Number of protein chains: 2
Amino acid sequence: MPDKPLSSSQRAIHELRNKVFSGELAAGSDHLESELADLLDMSRTPVREAVLTLESQGLLELRPRKGVRILPLSPDDMAEIYDVLTELESHAAERAAEAGYDETDLKALATAIDDMDAAIAASDLDAWAEADDRFHSELVRLGGNRRIQSIVGMMSDQVRRARTMTLFMRPLPTKSNEDHRAVFHAIRSGDADTARDSHEKHRQHAKAIIVELLNKHRLRFL
Amino acid sequence: MPDKPLSSSQRAIHELRNKVFSGELAAGSDHLESELADLLDMSRTPVREAVLTLESQGLLELRPRKGVRILPLSPDDMAEIYDVLTELESHAAERAAEAGYDETDLKALATAIDDMDAAIAASDLDAWAEADDRFHSELVRLGGNRRIQSIVGMMSDQVRRARTMTLFMRPLPTKSNEDHRAVFHAIRSGDADTARDSHEKHRQHAKAIIVELLNKHRLRFL
DNA sequence: GCATTATTTAATGCATACGCAAATAAATGC
DNA sequence: GCATTTATTTGCGTATGCATTAAATAATGC
């Protein structure tokens, strides 16, 4: 069936998001509402609504008369984001382990891990990143807390922005999948403490790598 | 000076929030945009913008053609919210302890604790609740992560809704302030682990009490 | 009667218009 | 020249109207 026509508002949200991710709307740049409306070929109304939504998700900022500002991400911002992810995802891992999921329930998680292995073997960074996203979002889903899912979703969006930049400037994340497996096994065996601790270490490590990378390359923002 | 005139949009956000808290807009009820516009004596436009914002904060839900639905809070929702608060506030406590704040920096925290003591002595539940809010928000502020401040702020809003209902049906929170003092002392002495653990226990305890209370009183939602 | 289709109703999504206030430019006084 | 005032521009906040489409109701066929 022909996909249902998307509302202008929704379209605005998605297209603006994409343009931020792709860099077409550069971090730190300002844009008038009317400019964005022209860009998306719609009136200001749906643009305003989209901008309101994206503001609440931390992607941009409304500064009356100065335009809509695409929020830059500093290394400090990145550190904040990773800290939130660390806490909430670790909680999810803990809960997932307590939930007593069986092999079937954990299949998506296992698949994501395997896909990461394959991607690394093929040196396909994009595929790895996609599978990594899948692992983390599935983990959070298994945690069962919908508010955490929503918050982590928003924060992951921001991380994705930074990863585009940093992925190619760091070594292949070969070690990363050991962490994923540790978390996986802890969950499968119902060891909540280990699941939590493993994931916590995993995320803290990721944070350290990215923040160091950004600082080393003098990426004051992105 | 005469306070600056608030925009209709801002007014709508605040007034709608208040009406949700006060119960004037009951949880679970549906309201057309035009109805809310009439209620607030403004056009649909700023109401729509406010509703968009409040939706992203989890207070209500937009269901096209069915109206704006004030989201009810179930015991499960409450549990989710407390879990998020537990994780993020505990992280803040840990960081606050690491930050090496001196007596002056921690004054607001100490004051909040004293105020709670005074409120309990006077059996003034409203004053206690206010000081408790102050303690938690100051704690999170000291944690230094602005994203956590924002998330915790949103979640605390929801807790406040429930507390209105439950505050009078539970014993005076006399024990609660012991927890607060433990967190305070750990922060002052730079003991991050203790700060974290104390606060974690504090919040888990609060969660258990509220969830039990809601279930006991068959408050399926609120 | 019951199911299906046609008709009406009405809430929303969006475009548009307009007044106001802020920012900028121009003009005036010193 | 520089500061201060005045004029002008321009972006935003809000109101309003209309087209669209989902829901509700009536009508038709079987």
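Lettering of chains follows the sequences in order, A, B, ..., and the numbering in each one begins at 1. Because the structure is a prediction, the values reported are computed rather than measured.
- Here salt bridge (charged side-chain N to carboxylate O under 4.0 Å, His left out) pairs that include residues 81-93 of chain A, with residues two or more places apart or in two chains, are Asp83(A)-Lys207(A), Asp83(A)-Arg95(B), Glu87(A)-Arg196(A), Glu87(A)-Arg196(B), Glu89(A)-Arg203(A).
- For Ala118(A), the side chain to side chain contact (heavy atoms under 4.5 Å, CB included) criterion is met by no residue, not counting sequence neighbours.
- In this structure, the ring pair (Phe, Tyr, Trp, His ring centres under 6.0 Å) partners of Phe135(B), at least two apart in sequence or on a different chain, are His180(B).
- Legend: residues meeting side chain to side chain contact (heavy atoms under 4.5 Å, CB included) with Leu71(B), ordered by chain and number and at least two apart, are Glu61(B).
- With sequence neighbours left out, the side chain to side chain contact (heavy atoms under 4.5 Å, CB included) criterion links Glu49(A) to Ser9(A), Thr45(A), Arg48(B).
- What separates CZ of Arg69(A) from C1' of dG11(D) is a distance of 18 Å, to the nearest Å.
- For DNA chain C, the span of nucleotides reached by chain B at under 4.0 Å from its heavy atoms goes, 5' to 3', from dA10(C) to dG13(C).
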| request: Starting at the 5' end of nucleotides 13-19 of chain D, put B wherever the base has a protein heavy atom under 4.0 Å, S where only the sugar-phosphate does, and a dash everywhere else. | output: BBBBB--
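- Under the rule for a side chain to side chain contact (heavy atoms under 4.5 Å, CB included), the partners of Asp133(A) that lie at least two apart in sequence or sit in another chain are Arg160(A), Arg163(A).
- The side-chain hydrogen bond (donor to acceptor under 3.5 Å, both in side chains) test applied to Ser29(A) returns His31(A), not counting sequence neighbours.
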| task | For the pair Leu109(B) and Leu142(B), evaluate side chain to side chain contact (heavy atoms under 4.5 Å, CB included) and give the outcome as yes or no after the intermediate values. | result | CA-CA 9 Å; Leu109(B) 215 54; Leu142(B) 293 170; 3.8 Å; yes
